[in-house]
Amino acid sequence: MDQRSPQKQQSSPIKMSINNIDKITYAIKDSWKSQMDENQKLFDQFLQYCKSQYPVFNIKFTCSISGEWLEQPVSFTQCIIDKKHLNDCFDLKQILKYLIQNDSNFMQDGYIQCPLCRSKSHFKKDIPLIPNLFFQQLKQQLNDKSKPITYYLSTQTLIPFYPGFLGKEQFQYNNQIQQIFGQQQDVQQSFSTIRKITKGNESFKYFHVCLLGNIRIQIPVRGKQCRHLECYDFLYLQWYMQQRDQKQLKCLLLGCQEIINLNELQLDSELYEIGLKSFNFSSDFIFDPQSSTLLDTYSITNYDPQIAAYKKLVPTTTETMNYIKSIYDLTDRIYSSTKNQELTDKFYEHPLNGDLNIIKDSSTNCKVEIPCRCIRCDKVNVCDLRFMSCILNQVQHPENRNGVKTYSVACPLCNNPFSPKKRHRDQSVHEQVYVDTKMLNFITTIKNFNYLNKEKYQLFLQKKLYPTLRFEELESPIQELDQFNLKLRCLITNQKLRNPIRGIYCHHPEAFDENSLTDLCSTGQLDLNLAQCPLCQQSIHKLTHDNTFKELLGQLQGDFDEVQVFPKLKLIKQLK
């Protein structure tokens with residue numbers, strides 16, 4: 001005869017719902033309705049405490065136990081009371097499934113344990129879970145997009161978490177970020193004001209890409225006197241200038257002659273809000289005169305050739321629009337992953353293997369815009385992320401296979417099958433592919449190639465991603481001169497001369513600016529192996545620093561265009 005105690009004989013609400021997660025999920029949500037004020041008060045107290053403990057932190061809108069997207073963010077009541085897990089959250093269905101699967105470990109004698117901190121919560125009729133109002137609020141501000149963010153709790157400022165190397169640098173610029181968001185906004189620098197002056201009320205296309213770094217802008221800024229829609233990304237601009245120990249640069253937009261000072265940058269809050277609520281992988285916007293705002297191209301399209309090539313789509317149906325949105329959500333989530341840079345670097349530790357043709361995806365016959373491959377691929381070839389997301393979506397949701405032209409559960413590049421997640425320890429489908437950040441940089445930066453082949457990509461990798469100027473330290477050719485007049489402009493770029501260098505065969509006072517030449521090499525516009533000095537036509541494949549000239553430039557107090565130099569006297573004067 002079973003001698004178990006009455007308490008142990010009683011079935012838990014979780015045990016009863018093992019075959020009906022949806023039913024108990026609905027019951028839990030319904031029970032929250034009478035506790036809304038109490039839950040809000042609990043979270044207010046929680047956040048007030050956290051302000052002093054966590055001034056800035058990163059948030060991913062994924063379940064902390066399963067890694068899946070948060071549909072209904074929840075927390076354990078006891079954890080919130082104990083003020084734990086500010087940037088951790090669970091999805092309601094995922095945590096229920098997890099607790100059911102781990103019944104013996106996480107349910108003992110009428111108690112439930114938090115999987116993260118093991119704190120115990122007693123239950124009687126209801127599961128001790130409450131809606132995480134903090135995560136819900138942030139999701140609404142992001143328009144329910146899945147991009148990870150950096151959040152400043154004291155000022156309630158949220159910023160998309162930068163992917164790749166900028167994400168690693170982001171925390172170093174916390175003070176600058178808070179200052180730019182805390183400054184008073186200049187109405188003359190808003191998108192609406194500049195648009196009325198330059199575009200009127202016409203429809204036009206706007207590319208939300210940094211003028212300096214060719215990356216998708218997260219924090220849009222301009223110089224104080226700039227009057228154009230095009231912007232710079234704040235974090236990239238800060239990082240770029242710090243690497244060169246500069247405080248200002250001339251605006252790179254053709255026709256704009258303004259000098260951009262790091263201390264006088266202006267935030268365009270309108271563009272920031274628009275970018276914040278758009279898909280992270282999209283940098284194309286269209287201005288709609290009727291709504292007087294920018295619309296994300298991917299948010300308003302009802303036809304995408306990358307997706308249409310995989311599934312038969314009827315552009316006008318609600319079903320099609322919902323399907324496209326689910327693909328974009330998955331695409332955005334993969335694109336936003338901080339693992340992309342890490343996996344890309346790992347891939348390029350080895351020589352490039354296989355052919356490369358990114359003019360057209362072999363599966364869709366469309367141009368590759370977001371290059372990706374699966375984590376098992378060992379060849380350099382890629383496909384577009386939206387097409388790959390279609391396959392991943394069908395692996396995860398077999399019910400969406402209707403209308404698929406050629407169904408597949410494997411990588412279209414290497415034919416290795418994807419693994420649908422069955423248990424919580426299994427790798428999520430979206431983590432089995434990654435965006436090649438280096439090739440994405442290649443596609444974004446190089447505009448004039450008729451055929452983007454493997455050889456040109458290898459050349460790009462050498463110049464763009466690893467730009468190095470080769471130097472030999474020689475004596476300056478100017479130190480034997482009595483005097484000369486000189487314009488302080490780089491011979492090649494005509495930019496301000498600050499760090500003078502010259503080819504080892506050049507014997508004239510005129511010089512190049514080191515930062516300007518580095519930029520030309522980094523964008524693939526200059527091949528030093530072939531370049532010649534425009535003044536003496538000598539090869540400049542090897543360079544030398546002119547330390548004598550640089551010391552003389554250090555004497556100048558002001559910003560001058562032309563000077564008179566006396567090398568033997570170690571004197572430099574403004575030319576009147």
J.: Hey, is NZ on Lys83 packed in by over 12 heavy atoms from elsewhere, all under 6.0 Å?
T.: yes
J.: Verify the neighbour count for atom CG of Asn201: are there more than 12 heavy atoms of other residues, nucleotides or ligands below 6.0 Å?
T.: yes
J.: Is there a ring-ring contact (aromatic ring centres under 6.0 Å, His included) between Phe134 and Tyr151? Walk through the geometry before answering.
T.: CA-CA 11 Å; Phe134 177 54; Tyr151 188 72; 5.5 Å; yes
J.: Could you measure the distance from the CD atom of Glu431 to the CG atom of Asp426? Nearest 0.5 Å is fine.
T.: 11.0 Å
J.: If you count every heavy atom of other residues, nucleotides or ligands that lies below 6.0 Å from Lys139 atom NZ, does the total exceed 12?
T.: yes
J.: Of the non-hydrogen atoms in Glu169 and Tyr173, which two are nearest, and what is the gap between them?
T.: O-CD1, 3.3 Å
J.: Could you tell me whether Gln243 atom CD has more than 12 heavy atoms of other residues or ligands within 6.0 Å of it?
T.: yes
J.: Does the side chain of His228 come within less than 4.5 Å of Thr198's, by heavy atoms?
T.: no
J.: Is it the case that more than 12 heavy atoms not belonging to Met36 sit under 6.0 Å from its CE atom?
T.: no
J.: Does any part of the side chain of Leu265, heavy atoms only, come nearer than 4.5 Å to the side chain of Tyr232, both counted from C-beta?
T.: no
J.: State whether the number of non-hydrogen atoms from other residues, nucleotides or ligands found under 6.0 Å of Phe207 atom CZ is greater than 12.
T.: yes
J.: Listed by chain and number, what are the side-chain hydrogen bond (donor to acceptor under 3.5 Å, both in side chains) partners of Thr293, not counting sequence neighbours?
T.: none
J.: So, do Phe76 and Phe90 have ring centers that fall under 6.0 Å from each other?
T.: yes
J.: Might you point out which heavy atoms bring Lys311 and Asn400 nearest each other, and give the distance in Å?
T.: NZ-O, 3.5 Å
J.: Hey, does Leu392 have a side-chain heavy atom less than 4.5 Å from the side chain of Ile334?
T.: yes
J.: Cys256 vs Arg227, test: side-chain contact (heavy atoms from CB on, under 4.5 Å). Steps then yes/no.
T.: CA-CA 8 Å; Cys256 182; Arg227 293 294 180 265; over 6 Å; no
J.: Closest heavy-atom contact between Phe57 and Ile59?
T.: CE1-CD1, 3.4 Å
J.: Of Gln396, Lys97, Gln94, His430, which meets side-chain hydrogen bond (donor to acceptor under 3.5 Å, both in side chains) against Glu68?
T.: Gln396
J.: Using atom types as modelled and distance alone, determine if a side-chain donor or acceptor of Thr331 lies under 3.5 Å from a backbone N or O of Ile327.
T.: yes
J.: Look at the side chain of Lys147 and the backbone N and O of Leu276, then say whether any donor-acceptor pair between them is shorter than 3.5 Å.
T.: yes
J.: Could you list the donor-acceptor pairs under 3.5 angstrom formed by side chains in residues 281-289, with sequence neighbours left out?
T.:
residue, atom, partner, partner atom, Å
Ser282, OG, Asp296, OD1, 2.9
Asp288, OD2, Ser291, N, 3.2
Asp288, OD2, Ser291, OG, 2.9

J.: Got a donor-acceptor contact below 3.5 angstrom from the Gln266 side chain to the Gln185 backbone?
T.: no
J.: For a quick check under 3.5 Å, do Arg333 and Ser428 share a side-chain donor-acceptor pair by atom type?
T.: no
J.: Mark yes or no for whether Asn280, through its side chain, and Asp332, through its backbone, hold a donor-acceptor pair below 3.5 Å.
T.: no
J.: If we only count heavy atoms from C-beta on, is the Leu294 to Leu271 side-chain gap below 4.5 Å?
T.: yes
J.: List the steps and the verdict of side-chain contact (heavy atoms from CB on, under 4.5 Å) for Phe234 and Leu267.
T.: CA-CA 8 Å; Phe234 177 75; Leu267 173 71; over 6 Å; no
J.: Looking at side-chain heavy atoms only, is the closest gap between Asn87 and Tyr54 below 4.5 Å?
T.: no
J.: Check this for me: does any side-chain nitrogen of one of Glu258 and Arg222 sit under 4.0 Å from a carboxylate oxygen of the other?
T.: no
J.: Provide the closest heavy-atom pair for Val221 versus Asp233 in the form atom of the first, atom of the second, distance.
T.: CG2-C, 4.5 Å
J.: Strictly below 4.0 Å, N to O, side chains only: are Lys438 and Asp345 in salt-bridge contact?
T.: yes
J.: Measure the shortest side-chain to side-chain distance between Tyr434 and Gln341 over non-hydrogen atoms and say whether it is less than 4.5 angstrom.
T.: no
J.: Crowded around Lys421 NZ? As in, over 12 foreign heavy atoms under 6.0 Å?
T.: yes
J.: Enter the distance from Asp304:CG to Tyr323:OH here, rounded to the nearest 0.5 Å.
T.: 10.5 Å
J.: Can you name the nearest heavy-atom pair linking Leu96 to Leu129, along with the distance?
T.: CD2-CD1, 4.5 Å
J.: Is the ring centre of Phe279 less than 6.0 Å from the ring centre of Tyr298?
T.: no
J.: Whether Asp37 and Lys41 form a salt bridge (side-chain N of Lys/Arg under 4.0 Å from carboxylate O of Asp/Glu) is what I want to check.
T.: no
J.: May I ask you to check whether Tyr348 and Asp436 show a side-chain donor-acceptor distance below 3.5 Å?
T.: yes
J.: Determine whether Leu237 and Leu249 satisfy the following criterion, side-chain contact (heavy atoms from CB on, under 4.5 Å), listing intermediate values before the conclusion.
T.: CA-CA 10 Å; Leu237 183 61; Leu249 83 162; 4.0 Å; yes
J.: Could you tell me whether the side chain of Gln189 and the main chain of Lys224 form a donor-acceptor pair under 3.5 Å?
T.: yes
J.: Applying side-chain contact (heavy atoms from CB on, under 4.5 Å), can you list everything that pairs with Gln170, at least two apart in sequence or on another chain?
T.: Thr150, Ile159, Phe161, Tyr162, Ile177, Leu235
J.: Kindly indicate, with the supporting measurements, whether the criterion side-chain hydrogen bond (donor to acceptor under 3.5 Å, both in side chains) is fulfilled by Gln156 and Gln137.
T.: CA-CA 11 Å; Gln156 298 184 353; Gln137 177 189 1; 5.1 Å; no
J.: Any donor-acceptor pair under 3.5 Å linking the side chain of Gln432 with the backbone of Ser419?
T.: yes
J.: When you compare the side chain of Glu270 with that of Ser192, does any pair of heavy atoms fall below 4.5 Å?
T.: yes
J.: Keeping Trp69 on the side-chain end and Leu330 on the backbone end, is there a donor-acceptor pair under 3.5 Å?
T.: no
J.: Assess the side chains of Gln48 and Asp44: does a donor N or O sit below 3.5 Å from an acceptor N or O?
T.: no
J.: If every non-hydrogen atom of His85 is compared with every non-hydrogen atom of Leu116, which pair is closest and at what distance?
T.: CE1-CB, 3.8 Å
J.: Determine yes or no for a side-chain-to-main-chain donor-acceptor pair under 3.5 angstrom, with Asn132 supplying the side chain and Ser75 the backbone.
T.: no
J.: Side chains of Asn174 and Gln178: donor-acceptor distance under 3.5 Å anywhere?
T.: no
J.: More than 12 non-hydrogen atoms from neighbouring residues, nucleotides or ligands closer than 6.0 Å to CD on Gln427, yes or no?
T.: yes
J.: Quick one: sort the Trp239 and Tyr236 rings into parallel, tilted or perpendicular, breaks at 30° and 60°.
T.: tilted
J.: Enter the distance from Met241:CE to Ile260:CD1 here, rounded to the nearest 0.5 Å.
T.: 8.0 Å
J.: Between the side chain of Asp268 and the main-chain N/O of Pro220, is any donor-acceptor distance below 3.5 Å?
T.: no
J.: Counting distance only, does the side-chain N/O of Thr157 pair as donor-acceptor with the main-chain N or O of Tyr152 below 3.5 Å?
T.: no
J.: Rounded to the nearest 0.5 Å, how far does NZ of Lys84 lie from CG of Leu86?
T.: 14.0 Å
J.: One pair to check against side-chain contact (heavy atoms from CB on, under 4.5 Å): Lys29 and Leu92. What are the steps and the verdict?
T.: CA-CA 10 Å; Lys29 289 183 179 180; Leu92 179 57; 4.2 Å; yes
